[in-house]
Amino acid sequence: MNYQTPRGTYDILPEDMDKWHDVERVIREETQLYRYNEIRTPYFESTNVFARENDSSDMVNKEMYTFNMGDGSYTLRPEGTAGVIRAFDQHKLYGSMEMPGRFYYMGAMFRHERPQKGRQRQFTQFGVENIGAKSPELDAETIALGCDIVKKMGISSVKVCINTLGDDASREAYREALKKHFAPHLDELCGDCHRRYEQNPLRILDCKVDHDLDCLKNAPKLSDYLNEESRTYFDRVLKALDALGIPYEIDERLVRGLDYYTHTVFEVVSTRPESGAQATIFAGGRYDHFVEYYGGPEMSGIGFAIGLERLISLAEEEGHNFGETAPLDAYVIGLGDVSDSVLQVTQQLRHEGLCAEGNLVPRSLKSQFKSADRKKADFIIIMGEDEVKNGTLNIKKSSEKEQKTIKQDELIETIHAWEGK
RNA sequence: GCGGUUGUGGUGAAGUUGGUUAACACACUGGAUUGUGGCUCCAGCACUCGUGGGUUCGAGUCCCAUCAAUCGCCCCA
C-alpha cells in the first residue's frame with residue numbers, strides 16, 4: 001500500500017516554511033501600506049458562481065473540480081475574483097463601505113491541469129480587487145502594488161506588459177472587424193480557434209499554434225477600433241505609470257484568459273529563462289460588468305492575482321534572503337532521572353521570553369550536546385541528579401569553553417549578564 | 001488532453017553484453033570518552049532497486065501496464 005499526495009498537490013514541509021512565512025509577511029505589510037482589507041471566501045462555491053455563461057476560457061470549461069452533493073453542484077474555486085465579487089454583492093457592501101472597496105485574499109485555488117514547473121493543481125494565490133471605482137490612476141496604483149511586492153521579494157528581472165481591451169462599444173466594433181477578417185481564413189485556423197471565433201474572437205490573436213499565419217499577422221488591430229473615451233482612458237493609465245516610474249511594454253496581443261475583462265489588462269512576467277513556460281508572476285485587469293453579473297449595481301472594478309509558488313520560486317532563483325527561524329537561546333541537557341527538573345527550567349526560560357528546548361527522553365550526553373549544536377543553541381544548560389538535589393545547574397555558552405555552576409534561581413540573571421559581556 | 005525524459009537507502013548517487021553477498025560519499029545511531037559537544041577513529045544502517053504483471057535456469061538491468069516527478073505543447077497565476 002502506497003500513500004502519497006494526489007497529483008499536482010504537495011506538502012509544504014517545516015523546512016520550507018520560512019519562505020512561506022516570509023512571502024506572507026511581505027504581502028500583509030504591503031497591503032497594509034495600501035490599506036487593503038482582507039476577505040476570506042469559501043474554498044468552494046455553487047458551480048454557477050464560476051461557470052459563467054459564454055465564457056470561453058479553459059479554466060472555466062474544462063479545469064474545474066466540480067462535484068454534486070445531492071442538494072446541488074459545487075466547485076472548488078479556480079480563482080479568487082468571482083468569490084470576492086459574489087460576496088461584495090451578497091452582503092451589499094456597496095451600500096456600507098466607501099468606494100472603492102479594497103480587498104485582498106490569499107489562499108488555495110484548484111485547477112485540474114497537467115502539473116509542471118510553476119503549475120500545480122492546488123496552488124496558492126494572493127490577489128486584490130478594487131471594486132466600485134473607475135479611474136486610470138487606480139489601475140496604475142493596482143499594478144504598482146504588485147510591482148512593490150515583487151520587488152520586496154528581491155525579484156528584479158520582470159517586465160510589465162499592458163494592453164487595453166477598450167469599452168464595450170470599441171470591443172464590439174473590433175469583434176465584428178475580426179470576424180469579418182477571419183471568416184475567409186477559417187479553415188487555416190486550429191480547432192480551438194474555431195471555438196474562439198464564435199465565443200471570443202479576440203483570443204484567436206494569442207493562439208500559439210497558428211502564429212505564422214499571414215491572416216494573423218495582418219489582422220486588424222484593436223487600437224484602430226478604440227473610441228475616443230477608451231483611448232483617453234488607456235493613455236491616462238500609461239501616463240500614471242510613467243509618473244510612478246514603472247516601465248512597461250504595450251502588447252497588443254495581450255487579451256487575457258478570462259472573458260470578463262474590459263479596458264486595462266496587464267501581465268507581469270519574469271524575464272529569467274529558468275522560469276520556463278510559466279513566466280507570468282501576476283496578471284489581472286479591469287472588469288466593467290462583473291459586479292452587476294452577480295446581482296449588484298453597475299460598478300467597475302480592477303484586480304490582479306499572484307501565484308505564490310511562482311513568486312517564491314523566482315525569489316529563490318534571484319537569491320532572495322528569506323528570513324530564518326531564530327536559533328535557540330538555550331538547550332537544557334538532563335542526565336539521569338531529571339526530566340521533570342529539565343522541563344521546569346525550560347519553562348522558566350520560556351516564560352522569561354527566551355526560546356528554549358529541553359531534553360525529555362533518556363539519551364547519551366554526547367547526543368544531547370549534538371542536539372544543542374544542531375539547534376544552534378546559544379547557551380547550554382546541564383543538569384544531573386546531583387545538581388537537582390542541590391538546586392544548582394551548570395551553564396555554558398556554546399561558543400566558549402568556560403562553564404559555571406550556579407543556583408537555579410540565578411539562571412536568568414546569569415544569562416543576561418553573560419550576554420551583555 | 002498530447003509529446004519527451006526520469007524513478008536504486010534519510011540524501012546525493014555507482015551498478016559493465018541480464019549471472020550468485022546492491023559500490024562510494026554525506027546524514028543518522030552506538031562506542032572509543034559509563035557527566036561535557038563541534039576533530040579523529042571503529043562499528044551499525046537497502047531480505048531489495050516507484051508499483052503490478054511478463055520473458056528467462058536467473059531481472060536493478062529486457063518487455064508491457066500503471067503511478068509519480070520533470071520538461072515542452074495547450075492553458076494559466
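All figures in this text were calculated on a predicted structure; none of them were measured in a lab. To find a chain, count down the sequence lines: A is the first, B the second, and so on, and within it residues start at 1.
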Participant: Just how far, in rounded Å, is P of G37(B) from CG of N359(A)?
Facilitator: 16 Å
Participant: So what's U20(B) paired with, Watson-Crick or G-U wobble, going by both distances under 3.5 Å?
Facilitator: none
Participant: For R253(A) and C75(B), give me the distance from atom CZ to atom C1', rounded to whole Å.
Facilitator: 17 Å
Participant: Please work out if S371(A) contacts a base, only the sugar-phosphate, or nothing of the nucleic acid, heavy-atom cut-off 4.0 Å.
Facilitator: nothing
Participant: Expressed as a whole number of Å, how far does the P atom of A59(B) sit from that of U51(B)?
Facilitator: 15 Å
Participant: To the nearest Å, how far apart are Q116(A) CD and G1(B) C1'?
Facilitator: 13 Å
Participant: Base, sugar-phosphate alone, or nothing: which one does G334(A) contact when heavy atoms must sit under 4.0 Å apart?
Facilitator: nothing
Participant: Please report, rounded to the nearest Å, how far the P atom of G37(B) is from the CD1 atom of I381(A).
Facilitator: 18 Å
Participant: Would you state whether a donor and an acceptor, one from the side chain of R111(A) and one from the base of A77(B), lie under 3.5 Å apart?
Facilitator: yes
Participant: Strictly by Watson-Crick or wobble contacts shorter than 3.5 Å, is anything paired with G60(B), and which nucleotide is it?
Facilitator: none
Participant: Ring centres within less than 5.5 Å and planes less than 30° apart: is that true of F369(A) and G38(B) in this structure?
Facilitator: no
Participant: Given C76(B), G35(B), G30(B), identify the nucleotide with an atom nearest to the side chain of T280(A).
Facilitator: C76(B)
Participant: Give one of base, sugar-phosphate or nothing for F123(A), where a contact means two heavy atoms less than 4.0 Å apart.
Facilitator: base
Participant: Suppose we define a pair by two distances each less than 3.5 Å, Watson-Crick or G-U wobble; what does C28(B) pair with here?
Facilitator: G44(B)
Participant: Could you please spell out the steps behind the ring pair (Phe, Tyr, Trp, His ring centres under 6.0 Å) verdict for Y104(A) and Y36(A)?
Facilitator: CA-CA 6 Å; Y104(A) 83 90; Y36(A) 279 87; 7.4 Å; no
Participant: Between T262(A) and L165(A), is any pair of side-chain heavy atoms under 4.5 Å apart?
Facilitator: no
Participant: With respect to the side chain of S364(A), which nucleotide from G30(B), G1(B), U70(B) is positioned closest?
Facilitator: G30(B)
Participant: Can you tell which of G37(B), G35(B), A77(B) lies closest to the side chain of I380(A)?
Facilitator: G37(B)
Participant: Below 6.0 angstrom between ring centroids: does that apply to F322(A) and H320(A)?
Facilitator: yes
Participant: Taking any heavy-atom pair under 4.0 Å as a contact, classify A372(A): base, sugar-phosphate, or nothing.
Facilitator: nothing
Participant: Within a radius of less than 6.0 Å around NZ of K151(A), do more than 12 heavy atoms belonging to other residues, nucleotides or ligands occur?
Facilitator: no
Participant: Using a 4.0 Å heavy-atom cut-off, does R374(A) contact any base of the nucleic acid, only the sugar-phosphate backbone, or nothing at all?
Facilitator: sugar-phosphate
Participant: Let's test your reading of the model: under 3.5 Å, does the base of C76(B) pair with the side chain of R310(A) as donor and acceptor?
Facilitator: yes
Participant: If you measure only the distance, is there a donor-acceptor pair under 3.5 Å linking the side chains of E309(A) and Y10(A)?
Facilitator: yes
Participant: Between C2(B) and A14(B), how far apart are the two C1' atoms, rounded to whole Å?
Facilitator: 35 Å
Participant: Considering every strand shown, what is the Watson-Crick or G-U wobble mate of A68(B) when both distances are under 3.5 Å?
Facilitator: U6(B)
Participant: For the side chain of Q368(A) and the base of U36(B), is some donor closer than 3.5 Å to an acceptor across the two?
Facilitator: no
Participant: What is the nucleic acid contact for G118(A), judged by heavy atoms within less than 4.0 Å: base, sugar-phosphate only, or nothing?
Facilitator: base
Participant: Expressed as a whole number of angstroms, how long is the span from R114(A):CZ to G72(B):C1'?
Facilitator: 10 Å
Participant: Can you tell me the Watson-Crick or wobble partner of G1(B), both distances under 3.5 angstrom?
Facilitator: C73(B)
Participant: Indicate, with a heavy-atom threshold strictly under 4.0 Å, whether E63(A) touches base, sugar-phosphate, or nothing.
Facilitator: sugar-phosphate
Participant: For the pair made of CD1 in I27(A) and P in A77(B), what is the distance, rounded to whole Å?
Facilitator: 16 Å
Participant: Could you tell me whether the side chains of D167(A) and Y233(A) share a donor-acceptor contact shorter than 3.5 Å?
Facilitator: no
Participant: Distance between the P atoms of C76(B) and A68(B), in whole angstroms?
Facilitator: 24 Å
Participant: What is the distance, to the nearest angstrom, from the CZ atom on F266(A) to the P atom on A77(B)?
Facilitator: 11 Å
Participant: So which atom in P100(A) and which in A133(A) form the shortest heavy-atom distance, rounded to 0.1 Å?
Facilitator: CB-CB, 3.6 Å
Participant: Look at the side chain of Q4(A) and decide which nucleotide, out of G30(B), A68(B), G37(B), has an atom nearest to it.
Facilitator: A68(B)
Participant: For Y261(A) and A77(B), give me the distance from atom OH to atom C1', rounded to whole Å.
Facilitator: 10 Å
Participant: How do S398(A) and R7(A) order along RNA chain B: which one's closest nucleotide is nearer the 5' end?
Facilitator: S398(A)
Participant: Counting only Watson-Crick pairs (N1-N3 plus N6-O4 or O6-N4) and G-U wobbles (N1-O2, O6-N3), all under 3.5 Å, who is the partner of U34(B)?
Facilitator: none
Participant: Write down the distance separating the C1' atoms in G4(B) and U8(B), rounded off to the nearest Å.
Facilitator: 23 Å
Participant: Taking atom P in both A43(B) and G7(B), what distance in whole Å separates the two?
Facilitator: 32 Å
Participant: Sticking with atom P, work out how far C71(B) lies from A65(B), rounded to a whole angstrom.
Facilitator: 24 Å
Participant: Indicate, with a heavy-atom threshold strictly under 4.0 Å, whether K62(A) touches base, sugar-phosphate, or nothing.
Facilitator: nothing
Participant: Hey, which sits more toward the 5' end of RNA chain B by its nearest nucleotide, E267(A) or K396(A)?
Facilitator: K396(A)
Participant: Could you work out the separation of A46(B) and U34(B) based on their P atoms and round it to a whole Å?
Facilitator: 29 Å
Participant: Could you work out, with salt bridge (charged side-chain N to carboxylate O under 4.0 Å, His left out) as the rule, every residue matching R111(A), not counting sequence neighbours?
Facilitator: none
Participant: Which pair of heavy atoms, one from K375(A) and one from E357(A), lies closest together, and at what distance?
Facilitator: NZ-OE2, 3.0 Å
Participant: Given U36(B), G31(B), A77(B), which nucleotide is nearest the side-chain atoms of K366(A)?
Facilitator: G31(B)
Participant: Just to be sure I understand the rule, does L308(A) reach a base, reach only the sugar-phosphate, or reach nothing, if contact means heavy atoms closer than 4.0 Å?
Facilitator: nothing
Participant: Applying a 4.0 Å non-hydrogen cut-off, can you work out what Q278(A) is touching in the nucleic acid: base, sugar-phosphate, or nothing?
Facilitator: base
Participant: Choosing from G1(B), C76(B), A77(B), which nucleotide comes nearest the side chain of H112(A)?
Facilitator: G1(B)
Participant: So if I take every side-chain heavy atom of L365(A) and compare against G37(B), A77(B), U36(B), which nucleotide ends up nearest?
Facilitator: U36(B)
Participant: If I pick the C1' atom on C47(B) and the same atom on G72(B), what distance separates them, to the nearest angstrom?
Facilitator: 41 Å
